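Everything below concerns the one structure shown next.
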Amino acid sequence: MNTVHKRRGRLGIRRGQALLMMLTFCFILYILSDLVFASEPEAAIRMEVTVQEGDSLWKLAAEYHDPDKVDIRDYVQLLKDVNHLEDPTIYPGQTLIIPVQK
């Protein structure tokens with residue numbers, strides 16, 4: 001008597017499918033976190049200010065930053081970045097973009 005053993009297929013997912021699902025999940029998580037953090041200062045309202053005699057980036061940062069949302073040193077760096085300044089030197093008559101936090 002010949003007994004035939006049927007091999008049952010595995011229920012579940014294969015290693016390749018699991019890897020693909022994990023990569024897809026990580027990609028979606030990355031996109032969602034990017035959307036959440038995109039609402040930081042880059043998405044803030046921007047206004048233009050003309051530099052007056054005696055102004056400095058620190059003085060402007062102290063006037064326009066929200067101390068509950070960002071440290072003043074980070075805001076000075078943001079002013080440099082937004083205005084493409086290599087150093088903190090600014091001049092009277094110069095127009096600067098000031099991101100105002102909501």
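Worth saying up front: this structure is predicted, and the values here are computed from it rather than measured. Computation of the quantities below employed the complete heavy-atom set of this structure, encompassing side-chain atoms and omitting hydrogens, waters and symmetry-equivalent molecules.
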The criterion is side chain to side chain donor-acceptor pair (under 3.5 Å); which residues satisfy it with Asp87, sequence neighbours excluded? Thr89

What are the two closest non-hydrogen atoms of Glu86 and Lys80, and how far apart are they? O-NZ, 4.0 Å

Could you tell me if the side chain of Leu78 sits less than 4.5 Å from the side chain of Val70, heavy atoms only? no

Considering only heavy atoms from C-beta outward, does the side chain of Asn83 approach that of Ile90 to under 4.5 Å? no

Glu63 vs Val49 side-chain heavy atoms within contact, under 4.5 Å: no

Enumerate the residue pairs fulfilling salt bridge (Lys or Arg N to Asp or Glu O under 4.0 Å) with a member in residues 47-59, sequence neighbours excluded, ordered by first and then second residue. Asp55-Lys59

Kindly indicate whether the side chain of Leu79, heavy atoms from C-beta on, has any atom under 4.5 Å from the side chain of Tyr64. no

Can you list, pair by pair, the side-chain donor-acceptor contacts under 3.5 Å of residues 14-29, counting residues two or more places apart and other chains?
| residue | atom | partner | partner atom | Å |
| --- | --- | --- | --- | --- |
| Gln17 | OE1 | Arg14 | N | 2.9 |
| Thr24 | OG1 | Leu20 | O | 2.8 |

About how many Å separate CD1 of Ile72 and CG of Leu57, when rounded to the nearest 0.5 Å? 10.5 Å

Only counting residues at least two apart or in another chain, list the ones meeting side chain to side chain contact (heavy atoms under 4.5 Å, CB included) with Asp71. Arg73, Asp74

For the side chain of Tyr91 and the backbone of Val51, is there at least one donor-acceptor N/O pair under 3.5 Å apart? no

Partners meeting side chain to side chain donor-acceptor pair (under 3.5 Å) with Gln94 (sequence neighbours left out): none

